[in-house]
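Please read the structure below before turning to the comments.
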Number of protein chains: 2
Amino acid sequence: MAPSCYKGVMPKIVDPQQRRRAVADAVYAVVARCGLEGATLRNVASEAGLAVGSVRHYFTDHDELMIFAVQELGRRVGERVWAHAERLLSGSTGSREDRRRRTEELLAEFLPLDDVRRDEVVLRLTFSTAARTRPSLLKHTEAMQQTLHELVLRTLQGAQASGGLPADLGVEVETIRLRALLDGLGLQAALFPRRFTSDLLREVLHHHLDELVAASERGPE
Amino acid sequence: MAPSCYKGVMPKIVDPQQRRRAVADAVYAVVARCGLEGATLRNVASEAGLAVGSVRHYFTDHDELMIFAVQELGRRVGERVWAHAERLLSGSTGSREDRRRRTEELLAEFLPLDDVRRDEVVLRLTFSTAARTRPSLLKHTEAMQQTLHELVLRTLQGAQASGGLPADLGVEVETIRLRALLDGLGLQAALFPRRFTSDLLREVLHHHLDELVAASERGPE
DNA sequence: GCCTTTATAGCACGACGGTGCCATGATAAT
DNA sequence: ATTATCATGGCACCGTCGTGCTATAAAGGC
């Protein structure tokens with residue numbers, strides 16, 4: 001029916017992608033405030049300033065909304081931290097202390113040190129734990145975890161290549177250990193923000209990296 | 001404690017405490033299978049082989065049921081691990097390698113290395129994350145976390161006293177770091193049991209303890 | 001003008017949640 | 001036997017949630 005050009009003949013105004021992202025924002029706000037069980041269509045629609053029918057116009061199912069929320073969360077986290085990683089890699093010049101400082105900053109992106117990162121950690125944690133009993137979420141959660149794993153791995157490998165870490169260090173095991181540390185800290189801090197202050201989190205991370213570089217002076221086991 | 005003859009004048013047969021624990025068992029089974037949102041009164045009652053009214057006879061609210069489940073979970077975890085800790089402390093004799101091995105076994109109680117510990121980790125994780133948005137659970141979850149914290153702290157202090165760890169080691173920070181590591185590993189393993197095998201978990205814990213004792217040969221920073 | 005497509009909103013239905021209330025059976029004291 | 005107490009089970013009510021369906025308004029293409 002329509003002529004050959006299928007691209008520019010949309011008789012509408014709003015951008016669906018942008019709308020979906022806006023709804024995802026509402027999901028994040030509700031989940032951060034009331035938990036995942038509070039992310040009902042009515043709550044999300046109310047948070048987004050829309051009606052339930054409007055939200056359902058962009059998401060067929062409640063499941064699809066949750067899946068999109070996880071995907072979008074993974075996209076944003078990956079995007080933000082990859083940008084940070086590129087900043088680190090681009091500035092390959094600099095003293096060893098500078099590289100160490102920037103590496104620590106990069107890894108600190110995974111800790112709830114401010115409101116933005118705190119919400120992000122809480123959301124990652126919430127969706128991840130929920131994915132255990134929700135097959136539809138598990139696949140995308142796994143992808144997000146894989147992204148974070150590779151990022152930490154690349155970071156350690158980069159530090160190793162630049163001489164900041166010993167060449168004989170088991171980066172795979174250290175990646176798992178470091179990621180577990182970051183996740184565990186985030187978990188505790190998400191539960192008890194008053195006990196786990198930003199300074200304490202930074203101190204633990206700093207200490208852990210100290211131990212990693214100190215292993216170089218010890219040589220292979 | 002075995003159900004001894006009641007001394008009071010109760011015209012009944014069953015022991016309410018035992019019944020409440022049995023219902024808690026049903027809660028654990030349902031939560032482990034379907035997540036916390038699946039722990040409805042109907043599901044729990046069905047799992048326990050009772051009717052909803054029967055469950056409600058022992059728990060006024062759904063909230064009270066959840067609170068009791070958290071408390072009981074904390075009790076059991078603490079009981080089991082404290083028993084293990086006493087075994088460690090009672091056998092203060094033995095070579096350094098033996099002490100190290102038993103310490104590692106004690107800390108391994110927090111890792112999902114078998115079905116029992118796996119369920120326990122999953123339950124701890126589920127209730128903890130849920131407590132973030134449920135004030136009624138937060139208080140008891142905090143108590144459970146405090147118990148685990150103190151246990152890890154005592155373990156490290158014991159190792160330090162016996163000479164297994166350097167005297168100048170910051171046990172408080174190391175406790176936080178070790179607990180974050182255990183929590184993070186448990187979180188990952190709960191999500192992806194196939195990727196995080198028992199051997200891998202043991203290896204990471206072993207490696208971490210190696211790093212701790214290796215810090216003794218490095219002296220103060 | 002007309003018509004198609006999209007955006008937004010609302011209603012109604014069925015399913016399921018917690019909970020108040022009550023009926024029945026069992027037990028032990030009187 | 002009577003009665004009080006407790007255990008157990010079921011019913012019914014009300015709220016909420018997801019979802020199918022429909023209505024209305026706006027924006028191009030013809």
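Chain letters run A, B, ... following the sequence lines, proteins first and then strands; every chain starts at 1. The structure presented is a predicted model; accordingly, all values stated were derived computationally and were not measured.
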| remark: Distance col, row A:Asp114:CG vs A:Arg118:CZ, nearest 0.5 angstrom, shows 8.5 Å
| B:Tyr58 side chain near D:dT8 phosphate (N/O to OP1/OP2, under 4.0 Å) | yes
| query | Starting at the 5' end of DNA chain D and moving along, which residue's nearest nucleotide shows up first, A:Gly53 or A:Thr40? | reply | A:Thr40
| Which nucleotide in C:dT19, D:dT19, D:dG9 has an atom nearest any side-chain atom of A:Leu41 | D:dT19
| task | In plain terms, say whether A:Asp183 and A:Arg124 are close enough for a salt bridge, that is, a side-chain N and a carboxylate O under 4.0 Å apart. | result | yes
| message | As a test of reading the structure: which of D:dT19, C:dT19, C:dA9 is closest to the side chain of A:Asp61, going by heavy atoms? | response | D:dT19
| field | Closest non-hydrogen atom pair between B:Arg20 and B:Tyr58, with its separation | value | NH1-O, 2.7 Å
| message | At less than 3.5 Å, do the side-chain atoms of A:Arg56 and the base atoms of C:dG10 form a donor-acceptor pair? | response | no
| query | Are OP1 or OP2 of D:dA7 and a side-chain N or O of B:His57 less than 4.0 angstrom apart? | reply | yes
| note | Contacts of B:Arg42 and A:Arg42 projected onto DNA chain D by closest heavy atom; the upstream (5') one is B:Arg42
| field | Test: A:Glu79 and A:Arg76 ion pair at under 4.0 Å | value | no
| Does B:Ser54 make a side-chain N or O approach to OP1 or OP2 of D:dA7 shorter than 4.0 Å? | no
